[in-house]
Engineer: 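A single structure is presented below for examination.
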Amino acid sequence: MTHIEHHPGGDPQPDQQERRPVRLRAALDDLPSYRPGRAAAAASPSGQPAYKVSSNENPYPPLPGVIEAAHEAVAQMNRYPDMFAGELVAAVAERHGVPAEDVATGTGSVGVLQQVIQSCAAEGDEIVYAWRSFEAYPIVVGISGATSVRVPLGAGGRHDLDAMAAAITDRTRLILVCSPNNPTGPAVGHAEMQAFLQRVPEDVLVAVDEAYREFVRDSEAADGLDLYRDWPNVCVLRTFSKAYGLAGLRVGFAVAHDRVADALRKTAVPFGVSGIAQRAAIASLAREGELLERVDALVAERTRVREGLLAQGWDVPSTEANFVWLALGPDTMEFASFCEANGLVVRPFAGEGCRVTVAEREANDRLLDLAAKWMAGTRN
């Protein structure tokens with residue numbers, strides 16, 4: 001047997017400049033990094049309370065009983081959680097009237113999305129989605145090695161489903177439809193979605209990303225679960241992060257027909273959804289009455305904010321989510337800085353616009369005040 005002798009200090013090493021860097025996948029070279037919403041300071045420079053409206057978080061604390069359920073689960077955190085979240089899956093299946101075998105869980109809807117992409121696409125394949133849409137899409141698609149096919153949004157920040165159908169090729173493996181669309185807000189209509197699905201090859205999966213579904217009030221909007229029941233190639237993504245207020249626990253789920261759902265379980269991070277998250281999500285599902293009261297209050301604030309902005313002269317797309325979109329173009333970063341200096345941290349997309357979460361009333365009032373000053377040119 002060969003004996004390898006290690007000397008103190010090791011063998012002489014070449015100069016640092018001579019070392020070759022570790023080889024990483026070339027697919028990562030051009031990927032953007034995900035940018036979370038910035039946190040607000042304790043107070044604005046003027047001494048006013050500061051508000052974070054950059055991450056579409058629910059301003060309300062967890063529902064009554066949810067913290068207690070999470071506390072009970074903490075006592076078991078020395079144990080691995082149920083890897084397939086059996087009790088949570090059963091609760092989701094009962095709530096939505098679907099077979100339990102059609103439900104798969106993951107670390108938020110983004111985690112489930114990554115499972116979907118890993119199940120469908122690899123290098124050389126194409127994934128079609130609208131743009132601008134959820135900023136994680138090009139990241140998770142790029143990580144897989146697949147190619148993003150970005151279809152520009154139509155008027156009013158809406159999906160152009162005709163253009164998306166025209167973008168399908170024999171290399172298309174997955175289509176992402178974000179409804180309501182993040183960051184612009186409109187939801188896709190049921191009739192237009194049905195017409196779109198008739199043009200999609202039956203072996204191409206369509207993932208309907210409904211992170212904000214609970215906030216939808218448009219009776220003509222598509223419901224992903226209705227589409228899933230009609231179309232075997234539809235998969236629905238939902239989350240407990242937004243309406244349910246569990247953003248910090250990372251728990252989401254997909255509803256898909258059994259073969260797809262089984263693939264999502266295969267590609268999930270083992271034990272990714274913690275036992276604490278599972279218990280909190282189950283407790284949240286059991287308290288839907290309180291949840292809907294909170295969602296209704298946020299929807300009412302959404303209406304008030306949008307109508308206020310429209311009255312000021314802003315062109316704000318119709319929104320079915322818990323945020324509004326201000327298309328500022330080249331003024332985006334200046335507006336974001338103006339807001340931050342006055343205690344309101346918004347989410348800017350350079351050169352395009354700002355997404356602003358509908359939050360507590362005081363934060364919404366601050367937005368309306370600053371937006372009015374911006375329009376009037378009185379920004380001091």
Side-chain angles (χ1 to χ4, degrees), residues 37 52-67 69-70 85 88 91-98 103 105-113 134 136 178-188 208-219 221-226 236-255 273 276-306 318-325 347 355-361 363-364:
K52 177 189 177 187
V53 291
S54 55
S55 295
N56 296 341
E57 295 158 328
N58 191 322
Y60 295 107
L63 291 163
V66 174
I67 291 178
L88 175 57
V92 168
E94 181 178 2
R95 165 63 186 82
H96 295 293
V98 300
V103 179
T105 59
T107 53
S109 58
V110 179
V112 182
L113 170 66
F134 184 31
C178 187
S179 181
N181 186 53
N182 178 9
T184 56
V188 174
V208 184
D209 187 347
E210 294 189 320
Y212 303 93
R213 173 64 202 179
E214 292 82 2
F215 299 99
V216 174
R217 293 297 179 271
D218 180 0
S219 61
D223 183 326
L225 291 175
D226 288 341
V236 183
L237 311 183
R238 294 195 180 177
T239 183
F240 286 90
S241 295
K242 307 302 182 185
Y244 288 93
L246 301 182
L249 290 181
R250 312 311 302 130
V251 52
F253 63 93
V255 178
V273 181
I276 299 170
Q278 292 180 37
R279 299 314 307 175
I282 293 169
S284 295
L285 279 173
R287 289 158 175 81
E288 191 167 58
E290 297 101 320
L291 170 76
L292 294 178
E293 289 179 5
R294 293 178 170 191
V295 170
D296 285 344
L298 288 171
V299 168
E301 275 294 282
R302 177 183 76 194
T303 300
R304 183 178 76 90
V305 169
R306 181 169 183 264
S318 175
T319 176
E320 294 295 323
N322 68 336
F323 53 81
V324 293
W325 173 250
R347 178 65 174 90
R355 187 193 67 201
V356 188
T357 305
V358 175
E360 52 266 67
R361 188 178 183 90
N364 302 332

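Since we're looking at a predicted model, the values are computed, not measured. In what follows, residues are counted from 1 in the order of the sequence shown.
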Engineer: Sequence neighbours excluded, which residues qualify as side chain to side chain donor-acceptor pair (under 3.5 Å) partners of T105?
Structural biologist: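 Result, side chain to side chain donor-acceptor pair (under 3.5 Å) vs T105: none returned.
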Engineer: Pair R250, S241 - check side-chain hydrogen bond (donor to acceptor under 3.5 Å, both in side chains), show working.
Structural biologist: CA-CA 7 Å; R250 312 311 302 130; S241 295; 2.9 Å; yes
Engineer: Suppose we screen for side chain to side chain donor-acceptor pair (under 3.5 Å). Which residues come up paired with D296, at least two apart in sequence or across chains?
Structural biologist: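 By the side chain to side chain donor-acceptor pair (under 3.5 Å) rule, D296 matches R217.
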Engineer: With sequence neighbours left out, what residues match E301 under side-chain contact (heavy atoms from CB on, under 4.5 Å)?
Structural biologist: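 With sequence neighbours excluded, E301 shows a side-chain contact (heavy atoms from CB on, under 4.5 Å) to R304, V358, R361, N364, given in chain and number order.
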Engineer: Sequence neighbours excluded, which residues qualify as side-chain contact (heavy atoms from CB on, under 4.5 Å) partners of A211?
Structural biologist: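 By the side-chain contact (heavy atoms from CB on, under 4.5 Å) rule, A211 matches S109, D209, T239.
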Engineer: Hey, what do you get for CD (E57) to NZ (K52), rounding to the nearest 0.5 Å?
Structural biologist: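 These two atoms lie 3.5 Å from each other.
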Engineer: So which atom in A297 and which in Y60 form the shortest heavy-atom distance, rounded to 0.1 Å?
Structural biologist: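 Here A297 and Y60 meet closest at CB-OH, 3.5 Å.
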Engineer: Walk me through whether L63 and R294 qualify under side chain to side chain contact (heavy atoms under 4.5 Å, CB included).
Structural biologist: CA-CA 9 Å; L63 291 163; R294 293 178 170 191; 3.8 Å; yes
Engineer: Working to the nearest 0.5 angstrom, can you tell me the gap between T319 OG1 and F215 CZ?
Structural biologist: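 Those atoms lie 10.0 Å apart.
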Engineer: Can you name the closest pair of heavy atoms from N181 and F323 and give their distance?
Structural biologist: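 Closest pair (atom of N181, atom of F323, distance): O-CZ, 3.4 Å.
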Engineer: Ignoring hydrogens, what is the shortest heavy-atom contact between V236 and L225? Give both atom names and the distance.
Structural biologist: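 It is CG2-N, 3.9 Å.
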Engineer: Which distance, rounded to the nearest 0.5 Å, do you find between the OG of S179 and the CG of D223?
Structural biologist: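 Separation between the atoms: 9.5 Å.
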Engineer: With no hydrogens and no angle check, do the side chains of N182 and R355 hold a donor and an acceptor under 3.5 Å apart?
Structural biologist: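 Yes.
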Engineer: Search all heavy atoms of K242 against all heavy atoms of S55 and return the closest pair with its distance.
Structural biologist: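 In terms of heavy atoms, the two residues are closest at NZ-O, 3.5 Å.
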Engineer: Can you name the side chain to side chain donor-acceptor pair (under 3.5 Å) partners of E288, sequence neighbours left out?
Structural biologist: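 Side chain to side chain donor-acceptor pair (under 3.5 Å) check on E288 returns R95.
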Engineer: What are the two closest non-hydrogen atoms of L298 and P59, and how far apart are they?
Structural biologist: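 Minimum heavy-atom contact is CD2-CG, 3.8 Å.
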Engineer: For L246 and S284, which heavy atoms make the closest approach, and how far apart are they?
Structural biologist: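 The pair with the smallest heavy-atom distance is CD1-OG, 3.7 Å.
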Engineer: Excluding sequence neighbours, so at least two apart, what forms side-chain contact (heavy atoms from CB on, under 4.5 Å) with P180?
Structural biologist: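 side-chain contact (heavy atoms from CB on, under 4.5 Å) list for P180, sorted by chain: A187, Y212, V216, E320, A321.
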Engineer: Got a sec, which residues hit salt bridge (Lys or Arg N to Asp or Glu O under 4.0 Å) with D226, two or more places apart in sequence or on another chain?
Structural biologist: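 In terms of salt bridge (Lys or Arg N to Asp or Glu O under 4.0 Å), with neighbours along the sequence ignored, D226 is linked to R229.
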Engineer: Identify, with sequence neighbours excluded, every residue that meets ring-ring contact (aromatic ring centres under 6.0 Å, His included) alongside F253.
Structural biologist: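 F253 satisfies ring-ring contact (aromatic ring centres under 6.0 Å, His included) with H96, F240 only.
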Engineer: Among L249, L291, V66, N58, whose side-chain contact (heavy atoms from CB on, under 4.5 Å) with Y244 holds?
Structural biologist: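 Of L249, L291, V66, N58, side-chain contact (heavy atoms from CB on, under 4.5 Å) with Y244 is met by L291 alone.
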Engineer: Give a yes or no answer on whether the side chain of E214 reaches the backbone of V295 with a donor-acceptor pair at less than 3.5 Å.
Structural biologist: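 Here the side-chain-to-backbone pair does not exist.
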Engineer: Using the side-chain contact (heavy atoms from CB on, under 4.5 Å) rule, pick out the option among I276, V273, I282, V112 that qualifies with V251.
Structural biologist: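 Single pass found, and it is V273.
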Engineer: What residues, two or more places apart in sequence or in another chain, satisfy side chain to side chain donor-acceptor pair (under 3.5 Å) together with R279?
Structural biologist: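 Testing R279 for side chain to side chain donor-acceptor pair (under 3.5 Å), a comparison that skips the adjacent residues, returns E87.
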Engineer: Looking at residues at least two apart in the chain, or sitting in another chain, which of them share a side-chain contact (heavy atoms from CB on, under 4.5 Å) with A91?
Structural biologist: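 Per chain and number, A91 pairs via side-chain contact (heavy atoms from CB on, under 4.5 Å) with L285.
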Engineer: Taking S54 for its side chain and R347 for its backbone only, find out whether a donor-acceptor pair lies under 3.5 Å.
Structural biologist: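 A pair under 3.5 Å: no.
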